[in-house]
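Contents: one structure, followed by commentary.
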Amino acid sequence: MKNAVETIKNHRTYRHFKSTPLPAADVQTIIDCARQAPSWMNGQHYAIINITSPELRRKITELQPANPQIGTCGTYLIFVADLHRADLCSRAAGGSYSAAGEPDSLITAVTDTALAAQNAVIAAESLGYATCYTGGIRNIAVELVDLLKLPKNTFPIVGLCIGEPDIEMKLKPRLPEQVVYAENVYPADTVISDGLLHYEQTMTEFGEAREKLPYREKFARYYSNTYAPNNIPLMKQQGWLTQTTGDSE
């Protein structure tokens, strides 16, 4: 078993897995570690759903053709932002639950969910497994709410493939430190822009096969379009983002 620092510094994403199920004890260790993640007010505002049904796994894989690794990895977990338990707490203690639809509640739940998911990644990789997040599940959130029988005040945030890798992956370069780390104040645009240019050249030389566009152009295109347009009405249907500051004044 690798130590935490070694595990984190050697993280890489794998998309090709051997179809070997994880031992139950290892799955339990990963879940135990995920559940030890810090959370706001110890609310643990997430749910973790292990997709053990072959039929359900097949359906999700078919809905995500760009992520076939969902169907081949040893274990597939879905991390769900969850305020449903907070609702049950509110009912039991006579609360109004009026803040649940505010944007900050969404930030709280997504943060808790992401921290738990990353704990799971570190645990899995420490045990020698490969991992791959599948954020694309948000594009099929409408279907997942139905397939996973998600109650109101929940929303699927990210999936996590875990298993034995079928091919080796190179360690991907990261953005220059000065682009993402600063002391006391946010870094200047000139520092960031210079770093982005340098990183684009670095990633072009790295030659990742699935990257079809230069780094900056990739994000220019992505953030020029609207993805998963059904998610805002779905989130409101699920109880999220139903209030803004203006609504409550």
Side-chain angles (χ1 to χ4, degrees), residues 1-39 44-82 85 109-141 143-145 147-150 154-172 208 210:
M1 183 183 296
K2 296 180 287 186
N3 67 44
V5 171
E6 181 185 2
T7 297
I8 292 169
K9 294 184 76 171
N10 283 280
H11 167 75
R12 61 206 73 189
T13 294
Y14 291 80
R15 292 180 174 82
H16 300 274
F17 294 88
K18 298 176 182 177
S19 299
T20 306
L22 272 64
D26 286 353
V27 174
Q28 188 62 58
T29 296
I30 292 166
I31 298 302
D32 290 345
C33 289
R35 293 176 54 233
Q36 283 299 122
S39 65
Q44 302 160 67
H45 298 96
Y46 57 82
I48 307 169
I49 300 179
N50 187 356
I51 309 301
T52 59
S53 162
E55 178 63 15
L56 181 56
R57 181 94 77 96
R58 181 188 63 76
K59 288 180 180 178
I60 295 171
T61 305
E62 288 176 352
L63 289 167
Q64 279 278 277
N67 288 307
Q69 66 272 23
I70 292 173
T72 59
C73 63
T75 293
Y76 187 61
L77 306 176
I78 293 181
F79 288 80
V80 178
D82 187 351
R85 288 195 305 272
V110 171
T111 301
D112 280 10
T113 305
L115 291 171
Q118 187 60 16
N119 261 26
V121 164
I122 294 169
E125 294 182 3
S126 295
L127 292 170
Y129 295 109
T131 65
C132 178
Y133 280 126
T134 56
I137 66 162
R138 292 190 298 278
N139 296 329
I140 60 167
E143 292 87 348
L144 287 178
V145 165
L147 287 172
L148 305 181
K149 300 185 179 354
L150 297 181
T154 64
F155 198 85
I157 299 298
V158 70
L160 178 60
C161 298
I162 306 171
E164 295 183 29
D166 203 23
I167 60 173
E168 188 52 58
M169 298 293 292
K170 296 186 294 181
L171 192 64
K172 188 182 297 184
E208 187 174 16
R210 66 194 304 270

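Residues in residues 13-22 take part in these side chain to side chain donor-acceptor pair (under 3.5 Å) pairs, two or more places apart or across chains: Tyr14-Glu168.
Two residues are said to be in side-chain contact when any heavy atoms from C-beta on lie closer than 4.5 Å; Leu63 and Asn139 fail this criterion. For the pair Thr29 and Leu127, the minimum side-chain heavy-atom distance is below 4.5 Å. With contacts defined as side-chain heavy-atom distances shorter than 4.5 Å, the pair Lys172/Glu208 qualifies.
For the pair Phe155 and Ala141, the tightest heavy-atom approach, listed with the atom from each and the gap, is CZ-CB, 3.6 Å. Closest non-hydrogen pair, Leu160 versus Ala120, comes out as CD2-CB, 3.9 Å.
Rounded to the nearest 0.5 angstrom, Ile78 CD1 and Ile51 CD1 are separated by 4.0 Å. Atom CG of Leu56 and atom CZ of Arg58 lie 10.0 Å apart (nearest 0.5 Å). Here the straight-line distance linking atom OG1 of Thr154 with atom CG of Leu148 works out to 9.0 Å at 0.5 Å rounding. Atoms CD1 and CG, on Ile162 and Leu22 in that order, are 6.5 Å from each other to the nearest 0.5 Å. Atom CD1 of Ile60 and atom CG of Leu144 lie 5.5 Å apart (nearest 0.5 Å).
Thr7 pairs by the side chain to side chain contact (heavy atoms under 4.5 Å, CB included) definition with Lys2, Ile122, Glu125, Ser126, not counting sequence neighbours. Asp32 is linked by a side chain to side chain contact (heavy atoms under 4.5 Å, CB included) to Gln28, Arg35, counting only residues two or more places apart in sequence or in another chain. In this structure, the side chain to side chain contact (heavy atoms under 4.5 Å, CB included) partners of Pro38, at least two apart in sequence or on a different chain, are Leu115. Not counting sequence neighbours, Ala114 has no partner by the side chain to side chain contact (heavy atoms under 4.5 Å, CB included) test.
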query = Between Tyr129 and Thr75, is a side chain to side chain donor-acceptor pair (under 3.5 Å) present by the stated rule, with each step listed?
reply = CA-CA 10 Å; Tyr129 295 109; Thr75 293; over 6 Å; no
inquiry  = Applying side-chain contact (heavy atoms from CB on, under 4.5 Å) to Ile48 and Ile31, what does each step give before you reach the verdict?
reply    = CA-CA 8 Å; Ile48 307 169; Ile31 298 302; 4.0 Å; yes
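Checked by atom type and distance alone, the side chain of Tyr133 never pairs as donor or acceptor with a backbone atom of Val121 at under 3.5 Å. In terms of modelled atom types and a separation under 3.5 Å, the side chain of Asp166 and the main chain of Phe17 share no donor-acceptor contact. When atom types are taken as modelled, the side chain of Arg138 and the backbone of Ile157 share a donor-acceptor pair closer than 3.5 angstrom. At least one donor-acceptor pair closer than 3.5 Å links the side chain of Asn10 to the backbone N or O of Glu6. Put simply, the side chain of Thr134 never gets that close to the backbone of Ile137: no donor and acceptor are under 3.5 Å apart. In this structure, Asn119 contributes its side chain and Cys33 its backbone to a donor-acceptor pair below 3.5 Å.
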Determine all donor-acceptor pairs shorter than 3.5 Å in which one atom belongs to a side chain in residues 66-74; sequence neighbours excluded.
unit_1 : atom_1 : unit_2 : atom_2 : d
Asn67  : OD1    : Gln69  : NE2    : 3.2
Asn67  : ND2    : Gln64  : OE1    : 2.8
Thr72  : OG1    : Gln69  : O      : 3.4

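His45 pairs in a side-chain hydrogen bond (donor to acceptor under 3.5 Å, both in side chains) with only one of the listed residues (Asp112, Asp82, Thr113, Thr111), which is Asp112.
Within a 6.0 Å sphere centred on CD of Gln36, heavy atoms belonging to other residues, nucleotides or ligands number 12 at most. Atom NZ of Lys9 has 12 or fewer neighbouring heavy atoms from other residues, nucleotides or ligands inside a 6.0 Å radius.
Taking the charged nitrogens against the carboxylate oxygens, Lys59 and Glu62 have no contact shorter than 4.0 Å, which rules out a salt bridge.
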